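The block underneath contains the structure these notes are about, expressed in structure tokens.
Reminder, nothing fancy here: chain letters follow the sequence lines and each chain counts from 1. Because only heavy atoms are used, hydrogens play no part in the values below, and waters and symmetry mates are left out as well, while side chains stay in. Keep in mind that what you see is a predicted model, and the values were worked out from it rather than measured.
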Number of protein chains: 2
Amino acid sequence: MRHDSRLSGVLHVLLHMLEAGEPITSEHLAEMMSTNPVVVRRIMAGLRDAGFVHSEKGHGGGWTVTCDPAAVTLDDIYVALGSPPVFALGHRSENPACLVEQAVNASLESAFQEAEQLLLKRLGAVTLAALAADFHQRYLAKRGTKKDISHAV
Amino acid sequence: MRHDSRLSGVLHVLLHMLEAGEPITSEHLAEMMSTNPVVVRRIMAGLRDAGFVHSEKGHGGGWTVTCDPAAVTLDDIYVALGSPPVFALGHRSENPACLVEQAVNASLESAFQEAEQLLLKRLGAVTLAALAADFHQRYLAKRGTKKDISHAV
DNA sequence: GTCTCATGAAACAAATAATGTTACATGAGA
DNA sequence: TCTCATGTAACATTATTTGTTTCATGAGAC
């Protein structure tokens, strides 16, 4: 299965937007994510609807963060993306008539649900601000130049 | 993403094989899983290599369980399948040069790893025998006929 | 011995879902 | 009014799982 990298991608550009402090165009964000501007708009649409970011048209337009990074968690972002499926593993049929398959599904499902709850709980414990702080630590540890912040492919 | 239903499917037929007590052909197993005999052989190959099942050619041939159901867990089966990817969510690039993306990946990865560990731990706590027992409970609760065991599509 | 049943494996086809691309409409500013 | 930038729909591409065909091989029935 090909995996869904939207959460990873959108967090990446969100942090860049926080660092930038000025509107960034879809095209620029697309470069950072090595993808297409339309893909960026598609992904960002959910965050815009959730009020986390704002988009502006015309000259000097682009995307800006409009939420408090300390108040928004990775789980919030995940939900804004539409809460995409977490697992690559699943059942063949959701409501099987076969009692054996029912037993199998019940057992698997409880395990998957527990794991998903833990995952979302962990995502809910990390704020955008915490992620940004983690980045700054890495930045200092590397003693890089200011250029490293803007972006290295 | 299209999800991988091999674990669910193989557990399903394993329980049927335990109930049957005699070799079942790939074709019969395929009917139970609503799939193709070749797909069944492909999936079962891993279990055969792991020594959990045995296959016999010719008349009266087919697949039989050769392990102790009380000693094999769902995690063992998962591993025998080749430990397929658990999550549908992932990173865009595994080793990004961008420090921001590194910070994002690190945070996400620790959350995913924890969730995966919990999942596998839960799967490791359930044996095939326990699953079979669960089935028998469901069977009794339904007061069905013996026919229900063999299979209902 | 030969026929049928069954697995083993390779190669190919179909289906599906994520991602990429093109095209055009709309609105904001120079 | 020209350019920049987003919004959206429609379509193309790609990756991956699943399904299918085909042929070889071995085991038992006759």
Side-chain angles (χ1 to χ4, degrees), chain A residues 1-10 12-13 17 20 22-49 53-66 81-93, chain B residues 1-10 12-13 17 20 22-49 52-66 81-94:
Chain A
M1 137 211 334
R2 192 180 192 179
H3 63 204
D4 180 347
S5 62
R6 285 178 299 162
L7 180 59
S8 164
V10 81
H12 178 192
V13 297
M17 287 161 67
E22 58 182 6
I24 308 184
T25 65
S26 302
E27 190 172 351
H28 192 177
L29 291 177
E31 277 174 32
M32 294 176 181
M33 288 175 60
S34 309
T35 182
N36 192 291
V38 178
V39 174
V40 171
R41 294 191 193 113
R42 195 148 61 196
I43 295 176
M44 299 290 279
L47 303 206
R48 183 188 57 219
D49 296 347
V53 297
H54 174 73
S55 59
E56 196 72 36
K57 290 179 178 177
H59 284 92
W63 298 87
T64 43
V65 176
T66 53
L81 286 177
S83 305
V86 170
F87 296 107
L89 276 46
H91 307 315
R92 185 162 298 262
S93 62
Chain B
M1 159 201 315
R2 191 181 194 180
H3 63 202
D4 180 347
S5 61
R6 286 178 299 162
L7 180 60
S8 163
V10 79
H12 178 194
V13 297
M17 287 162 66
E22 58 181 7
I24 308 183
T25 65
S26 302
E27 190 172 351
H28 192 178
L29 292 176
E31 277 174 31
M32 294 175 181
M33 288 175 60
S34 311
T35 182
N36 192 291
V38 178
V39 174
V40 171
R41 294 192 194 113
R42 195 147 59 196
I43 295 176
M44 299 291 279
L47 302 206
R48 183 190 55 218
D49 295 348
F52 297 149
V53 297
H54 174 73
S55 59
E56 195 73 34
K57 291 180 176 176
H59 283 92
W63 298 86
T64 43
V65 176
T66 52
L81 286 176
S83 305
V86 170
F87 296 106
L89 276 46
H91 308 314
R92 186 163 298 263
S93 60
E94 229 32 72

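- Where Ser26(B) and Val38(B) meet DNA chain C, the nucleotide closest to each residue was compared, and Ser26(B) sits on the side nearer the 5' end.
- Between the side chains of Trp63(B) and Ser26(B), at least one donor-acceptor pair of N or O atoms lies under 3.5 Å.
- Mapping His59(A) and Arg41(A) onto DNA chain D by nearest heavy atom places His59(A) at the nucleotide closer to the 5' end.
- Atom CG in Asn36(B) sits about 18 Å away from atom P in dT17(D), given to the nearest Å.
- Between Ser55(B) and dT7(C) there is no side-chain N or O to OP1 or OP2 distance below 4.0 Å.
- If you measure from atom CH2 of Trp63(A) to atom P of dT6(D), you get 7 Å, rounded to the nearest angstrom.
- For His3(A) and dT17(D), the NE2 to P distance is 12 Å, given to the nearest whole Å.
- Closest-nucleotide positions on DNA chain C for Val39(A) and Arg42(B) were compared, and the one nearer the 5' end corresponds to Arg42(B).
- Between Arg48(B) atom CZ and dA6(C) atom P the separation is 17 Å, expressed in whole Å.
- Under the Watson-Crick or G-U wobble criterion, with both distances below 3.5 Å, dC23(D) is paired with dG8(C).
- Note: His12(A) NE2 to Met17(A) CE = 12.5 Å, rounded to the nearest 0.5 Å.
- Note on Arg6(A): every side-chain N or O is 4.0 Å or more away from OP1 and OP2 of dA17(C).
- Between Thr25(B) and dA6(C) there is no side-chain polar atom (N or O) within less than 4.0 angstrom of OP1 or OP2.
- Atom NE2 in His91(A) sits roughly 14 Å away from atom P in dT18(D) (whole-Å rounding).
- Atom-to-atom, CD of Glu27(A) to C1' of dG7(D) comes out at 16 Å; the value is rounded to the nearest Å.
- Contact between His91(B) and His3(A) at its shortest, heavy atoms only, is O-NE2, 3.1 Å.
- Separating the CD atom of Glu22(B) from the C1' atom of dA6(C) is a distance of 15 Å, rounded to the nearest angstrom.
- Between Ile43(A) atom CD1 and dA17(C) atom C1' there is a gap of 15 Å when expressed in whole angstrom units.
- To the nearest 0.5 angstrom, Glu31(B) atom CD is 11.0 Å from Ile24(B) atom CD1.
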Report task. Show the numbers, then the answer: is there a side-chain contact (heavy atoms from CB on, under 4.5 Å) between Val40(A) and Val13(A)? Result -> CA-CA 9 Å; Val40(A) 171; Val13(A) 297; 5.9 Å; no

